[in-house]
Amino acid sequence: MSRSLHADHRPFRPGLLPAFRQWVSNFFGEAGFRPASAHTSKNRAQTMPATARHHRIFPSLPRDYIHRRRLRRRISNAILIPLLSGVAAYFITRPTGGSGFSIPKSARQSTLVATTNPVSLVPDNAPISSDRLAVSIAAGSTSDSMISGAYKLADGPHIVTEVPDIVLHDAKRDKDLHVRVFYPQEAGSYPVIVFSHGAGGSQSCCEGLTRHWATYGYVTLQPTHEDSTVQRRKAGEEDINFLVAVRDALKKPALWQSRPKDISFVLDSLPVLQKRIPALSGKMDVERVGVGGHSMGAFTADAIAGALVNLPNHPATNFADPRVKAVVLLSPQGPGEFGLADHSWDHVTLPLLSMTGSLDLGAENRGPDWKKIPFERSQPGAKYHVFIEGANHMSFINAKTPLPGRAAQGDSILGFTNSASLAFWDAYLKADAGAKSYLLSDALPEFSHGVVKLSRR
């Protein structure tokens with residue numbers, strides 16, 4: 001027993017004590033203390049009263065002003081820096097927006113219902129908990145007052161296959177377009193969603209949304225636009241980086257018009273995709289097409305919906321594609337960016353869902369009110385706007401956060417995004433009356449404890 005105890009404890013090394021003493025001596029010497037000689041110390045010890053001898057372990061303050069000031073500064077820094085760092089860390093990492101940011105991903109995946117169990121009804125007065133994270137409402141099965149929870153947060157019933165990259169050639173524009181595809185393995189005819197990435201991004205983004213939608217019976221297509229940093233590097237621009245790509249996207253009208261043209265070309269190529277990917281044959285319902293996008297991708301979807309774009313020598317250019325039945329705009333733009341003007345949305349009539357957050361800032365620090373304008377100025381009817389407290393520009397496509405203390409918040413915001421967007425797609429691409437009732441209810445705002453605000457027109 002004694003051997004094991006000694007084995008678990010490292011023996012004290014006598015050489016550490018002199019080294020520590022030397023370090024202390026050097027520190028106080030640099031601070032301006034004047035160490036006493038051994039003889040002086042001995043005499044002081046003999047003459048010092050017994051009650052005061054414990055003070056001799058503290059060296060005397062330096063006598064000159066400069067050294068005293070240096071000492072005070074060092075002591076203040078030693079105290080204030082950790083204190084202020086702790087305070088800053090608390091305010092940066094603390095959860096905001098109430099208990100809506102406490103949804104563990106593991107609980108979401110294990111407890112949520114899918115379409116195989118389509119109805120989950122909970123009384124209005126039942127407390128919200130992690131056991132009631134989602135509902136999937138059958139068409140016409142319930143009234144608004146009985147709708148509760150979040151909508152289909154767990155993966156759906158379909159097994160999904162990914163085609164990470166397929167290249168389509170646009171002969172009219174003499175360009176290649178890379179496309180990523182998610183589709184359900186099971187036989188059936190599924191609505192199609194084309195999702196457009198943000199400026200400088202690529203088809204590799206946003207699978208937290210596009211793959212999730214596919215598990216509920218959608219074919220999702222993600223093209224890479226020519227403003228992509230990855231695409232430009234492959235084309236030989238060695239010095240390109242993300243910030244330069246974003247700057248160019250804001251300033252070059254050629255990029256503004258190329259994006260909605262990419263979307264229309266993808267829709268033109270649906271028959272080609274079915275030939276190139278045999279497993280897709282018969283699975284894409286060309287009569288039920290939606291377009292979504294994030295950031296500049298939201299502009300792309302907006303333009304496809306009929307928002308007018310001012311191009312050089314071509315004001316109020318219309319890129320509307322009549323094959324598109326609904327659009328989702330994640331962090332969209334108001335007037336003054338990408339050729340959008342005050343009246344760009346006057347004739348937008350398609351069902352539209354837009355989304356922003358309290359920390360979602362655009363160019364020149366334009367805030368959430370500016371990003372709400374597409375919702376406010378489009379024609380009323382089937383228009384929805386989701387505002388999420390604590391959401392920043394990237395929160396809608398990625399659950400990752402720069403600070404570990406906010407991981408739960410990032411996961412929750414992406415969950416709220418999926419819940420609202422999937423309910424919207426189900427309502428307007430699948431004509432699901434239950435999904436539409438969900439959008440017309442206050443289930444998601446109540447479930448989020450006020451973190452989510454849902455507006456309708």
Side-chain angles (χ1 to χ4, degrees), residues 103-122 130-142 146-164 180-195 206-222 273-274 277-290 292 325-326 328 353 397 399 411-412 414-439 441 443-444 447:
I103 306 173
K105 188 173 183 180
S106 58
R108 286 213 326 249
Q109 298 302 321
S110 62
T111 65
L112 305 190
V113 294
T115 54
T116 53
N117 181 21
V119 183
S120 176
L121 305 179
V122 185
S130 61
D131 294 331
R132 289 174 51 235
L133 295 182
V135 307
S136 180
I137 305 163
S141 64
T142 182
M146 298 180 71
I147 299 173
S148 180
Y151 189 88
K152 297 181 179 179
L153 286 180
D155 281 348
H158 293 285
I159 299 171
V160 173
T161 295
E162 177 187 6
V163 178
R180 183 190 196 186
V181 185
F182 287 110
Y183 64 90
Q185 289 186 10
E186 295 82 1
S189 181
Y190 303 104
V192 176
I193 300 172
V194 185
F195 190 84
C206 316
E207 67 181 39
L209 299 174
T210 55
R211 186 189 177 281
H212 181 73
W213 299 337
T215 68
Y216 281 97
Y218 292 90
V219 176
T220 61
L221 310 173
Q222 297 177 248
L273 281 171
Q274 294 188 69
I277 308 173
L280 273 180
S281 181
K283 286 188 176 180
M284 292 189 288
D285 187 343
V286 297
E287 299 299 321
R288 298 185 290 168
V289 175
K325 307 305 181 186
V328 168
L353 171 74
I397 61 170
D411 194 44
S412 296
L414 185 62
F416 299 147
T417 303
N418 257 325
S419 184
S421 59
L422 186 57
F424 178 80
W425 293 132
D426 283 356
Y428 293 98
L429 295 185
K430 292 185 176 181
D432 186 328
K436 188 173 181 180
S437 294
Y438 181 85
L439 291 172
S441 76
L444 186 58
F447 168 73

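This chain uses plain numbering: 1 for the first residue, then up along the sequence.
- For the pair H212 and D155, the minimum side-chain heavy-atom distance is below 4.5 Å.
- At distances below 3.5 Å, at least one donor-acceptor pair connects side-chain atoms of S441 with backbone N or O atoms of Y438.
- L444 and A150 get closest at one heavy-atom pair: CD1-CB, 4.2 Å.
- A donor-acceptor distance shorter than 3.5 angstrom exists from the side chain of N418 to the backbone of G208, with no hydrogens or angles considered.
- Contact record, P191 with G217: CD-O, 3.4 Å, taken as the closest heavy-atom pair.
- Looking at S437, its side chain does come within 3.5 Å of a backbone N or O of A433 through a donor-acceptor pair.
- From T215, atom OG1 reaches atom CG of L422 across 7.5 Å, with rounding to the nearest 0.5 Å.
- With rounding to the nearest 0.5 Å, the separation of CG in L221 from CG in L280 is 8.0 Å.
- For the pair S281 (side chain) and P278 (backbone), a donor-acceptor distance under 3.5 Å is absent.
- The main-chain N or O of Y183 is never found under 3.5 Å from a side-chain atom of H158 such that the two would form a donor-acceptor pair.
- Rounded to the nearest 0.5 angstrom, Y216 OH and Y151 OH are separated by 8.5 Å.
- Residues V181 and P164 have side chains not in contact (no heavy-atom distance under 4.5 Å, counting atoms from C-beta outward).
- Under the rule for a salt bridge (charged side-chain N to carboxylate O under 4.0 Å, His left out), E287 has no partner lying at least two apart in sequence or in another chain.
- Between the side chain of R211 and the backbone N or O of E162 there is no donor-acceptor pair closer than 3.5 Å.
- The two atoms that bring A435 and A427 nearest to each other are CB-N, 3.7 Å, heavy atoms only.
- When all heavy atoms are compared, the tightest approach of K283 to Q185 is NZ-O, 2.8 Å.
- Looking at every heavy atom in both residues, V192 comes nearest to L429 through O-CD1, 4.3 Å.
- Between the side chain of Y218 and the backbone N or O of D426, at least one donor-acceptor pair lies under 3.5 Å.
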If you apply the rule side-chain contact (heavy atoms from CB on, under 4.5 Å), what do you find for K430 with R288, and how did you get there? CA-CA 8 Å; K430 292 185 176 181; R288 298 185 290 168; 4.0 Å; yes

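- To the nearest 0.5 angstrom, M284 atom CE is 5.0 Å from L273 atom CG.
- For the atom pair CH2 of W213 and OG1 of T220, the computed distance is 8.0 Å after rounding to the nearest 0.5 Å.
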Walk me through it: do I397 and L209 pass the test side-chain contact (heavy atoms from CB on, under 4.5 Å)? CA-CA 7 Å; I397 61 170; L209 299 174; 4.1 Å; yes

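- Counting all heavy atoms, side chain and backbone alike, A420 lies closest to L353 at O-CD2, 3.9 Å.
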